[in-house]
2 protein chains.
Amino acid sequence: MKTTILLADDHRLVREGLRRLIEEREDFRVIGEATNGEEAVELVKTLRPDVAILDISMPRLSGIDATRKISKIGSDTKVLILSMHANQSYVEEVLRAGALGYVLKDAAAADLMQAIEAVRSGDSFLSPSVTHHVVEALARPEDRPAVAASQLTGREREVLTLIADGLSSKQIAEKLGVSLKTIESHRANLMDKLDIHKVSGLVRFAIRAGLVAP
Amino acid sequence: MKTTILLADDHRLVREGLRRLIEEREDFRVIGEATNGEEAVELVKTLRPDVAILDISMPRLSGIDATRKISKIGSDTKVLILSMHANQSYVEEVLRAGALGYVLKDAAAADLMQAIEAVRSGDSFLSPSVTHHVVEALARPEDRPAVAASQLTGREREVLTLIADGLSSKQIAEKLGVSLKTIESHRANLMDKLDIHKVSGLVRFAIRAGLVAP
DNA sequence: CCGGGAATTGGGGAAAACCCTGATTTAGCG
DNA sequence: CGCTAAATCAGGGTTTTCCCCAATTCCCGG
């Protein structure tokens with residue numbers, strides 16, 4: 001029985017390349033591709049793959065949020081996260097969300113294969129180079145953009161993104177259909193959580209955390 | 001005669017995936033891989049590939065800077081840039097740096113092949129979706145960071161940098177030993193010149209222009 | 001099924017940013 | 001020597017941000 005795999009990454013070339021890599025293994029089979037988190041969740045529901053390989057940064061629904069949803073629907077699908085950044089120890093958050101594996105995009109193909117095998121059988125797997133970073137990162141809890149960003153509520157993250165996109169509180173309030181005061185409140189709360197009290201700092205934080213492009 | 005190719009991307013999995021994609025074509029051959037810009041430049045010198053495929057964001061030396069150096073060493077190697085962002089202003093800069101092609105990472109594999117063929121024979125190639133953005137970008141000279149930043153006076157650039165660093169006008173005034181009103185004036189002037197009227201926009205502009213780090 | 005805490009929603013007021021107008025001084029340049 | 005660009009400062013106004021507070025809803029665990 002082949003291991004069935006769902007591949008989710010917003011970059012088509014990357015997706016196609018990974019598919020070739022994976023399908024060199026006769027016992028692996030890619031049965032679906034998704035270009036964003038929502039699509040990935042849907043495909044997991046319908047296709048029931050053994051393993052879902054999710055890029056951590058995808059539009060509509062991040063890999064982390066998608067992982068949470070996939071865990072909740074109670075399928076047997078195991079989640080393997082692909083991430084670009086070694087420094088960003090999303091790892092903790094990702095594992096808490098229910099993923100079994102975390103592989104860096106600069107890992108060797110062999111590592112990915114090993115990771116797929118591992119999560120397929122219910123084991124967890126971290127890229128060797130990640131383990132090191134995890135330890136380091138745990139020693140330095142301050143200033144970890146990705147982790148700090150995950151402390152924010154969904155609404156707060158949403159507001160932060162819009163602030164970084166250049167909208168005023170008023171515009172954000174209109175866009176989200178709530179009162180100006182509500183947005184100001186979210187703004188105050190997220191500034192408090194991040195301990196960043198300037199728009200300039202928020203923008204740079206949002207960029208480092210991958211919420212918006214420079 | 002096969003078309004020889006150098007592949008430069010800092011993510012190994014992406015690199016290996018692309019290699020598989022490319023080598024499905026019998027007339028293409030990947031003769032080297034680089035993990036950063038400097039390495040790419042070195043390998044172009046020694047291997048003399050027909051085409052160098054460079055990721056735009058790489059450590060040590062960006063794809064853009066690597067392109068500049070490759071152009072200068074006067075080899076026959078043609079540069080093809082791979083980018084994540086359909087981003088406006090990169091394209092122009094990349095082409096000015098001497099690249100012949102610009103392909104998005106979410107393009108189809110077939111597009112990449114077409115692009116390789118094109119640049120190999122000296123033609124230029126842009127991802128279809130990019131062409132549109134280029135035209136738009138040319139119509140709006142203000143989103144060309146480097147160029148627009150040079151329109152600013154020294155003092156204005158200085159103030160912009162401090163704004164992006166998170167200082168208030170009052171703090172900037174103290175730091176530079178001038179009146180608050182003076183800083184507000186510089187602030188107003190540079191906002192007018194750049195036609196950016198939000199701190200968030202200024203910060204992102206400053207980052208893109210290389211005035212401050214993210 | 002219900003209490004508690006978090007998330008989300010709001011208000012008031014002081015501070016800062018933003019906009020428009022105008023002014024003086026200095027330095028460079030044909 | 002006028003002319004222009006840059007840098008300096010100011011008044012007075014609107015808008016936005018930011019901080020202290022409180023009411024509601026919603027979900028989770030006992």
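Throughout, a chain's letter reflects where its sequence line sits, starting with A, and its residues are numbered from 1. All figures in this text were calculated on a predicted structure; none of them were measured in a lab.
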Open item on the list: Taking side chain to side chain donor-acceptor pair (under 3.5 Å) as the criterion, tell me which of His186(A), Arg187(A), Lys181(A) meets it with Glu184(A).
Closed with: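 So the option named by the test is Lys181(A).
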Does [X] place a side-chain N or O at less than 4.0 Å from the phosphate oxygens OP1/OP2 of [N]?
X: His197(A); N: dC19(D); result: yes
X: Lys193(A); N: dA7(C); result: yes
X: Lys170(A); N: dT16(D); result: yes
X: Thr182(B); N: dC9(D); result: yes

Open item on the list: Checking Glu174(B) against Lys170(B) for the side-chain contact (heavy atoms from CB on, under 4.5 Å) test, could you report, in this order, the C-alpha distance in whole Å, the side-chain angles of both residues, the deciding distance, and whether it holds?
Closed with: CA-CA 6 Å; Glu174(B) 284 161 6; Lys170(B) 193 197 233 173; 4.0 Å; yes
Open item on the list: Taking the nucleotide of DNA chain D with the nearest heavy atom to each, does Glu184(B) or Arg155(B) sit closer to the 5' end?
Closed with: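 First, find each residue's nearest nucleotide; the 5'-ward one identifies Arg155(B).
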TODO: Report the residue (Leu180(A) or Val178(B)) whose heavy-atom-nearest nucleotide on DNA chain D is the more 5′ of the two.
DONE: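 It is Val178(B), whose closest nucleotide lies nearer the 5' terminus.
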Heavy atoms only, 4.0 Å cut-off, all strands: where does [X] land among base, sugar-phosphate and nothing?
X: Ser185(A); result: base
X: His186(A); result: base
X: Ser168(B); result: sugar-phosphate

Task: Listed nucleotide nearest any side-chain atom of Lys181(B), set dA16(C), dG13(C), dA10(D) - done: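 Closest nucleotide to the Lys181(B) side chain: dA10(D).
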Task: Selected nucleotide, minimal atom distance to Ser169(A) side chain, candidates dT17(D), dG13(C), dC18(C) - done: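 Selected nucleotide: dT17(D).
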Open item on the list: How long is the straight-line distance from CD1 of Ile5(A) back to CD1 of Ile53(A), given to the nearest 0.5 Å?
Closed with: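 If I round to the nearest 0.5 Å, the distance is 5.0 Å.
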TODO: Determine, step by step, whether Tyr102(B) and Ile56(B) satisfy the side-chain contact (heavy atoms from CB on, under 4.5 Å) criterion, reporting the C-alpha distance in whole Å, the side-chain angles of both residues, the deciding distance to 0.1 Å, and the verdict.
DONE: CA-CA 10 Å; Tyr102(B) 188 100; Ile56(B) 202 165; 4.2 Å; yes
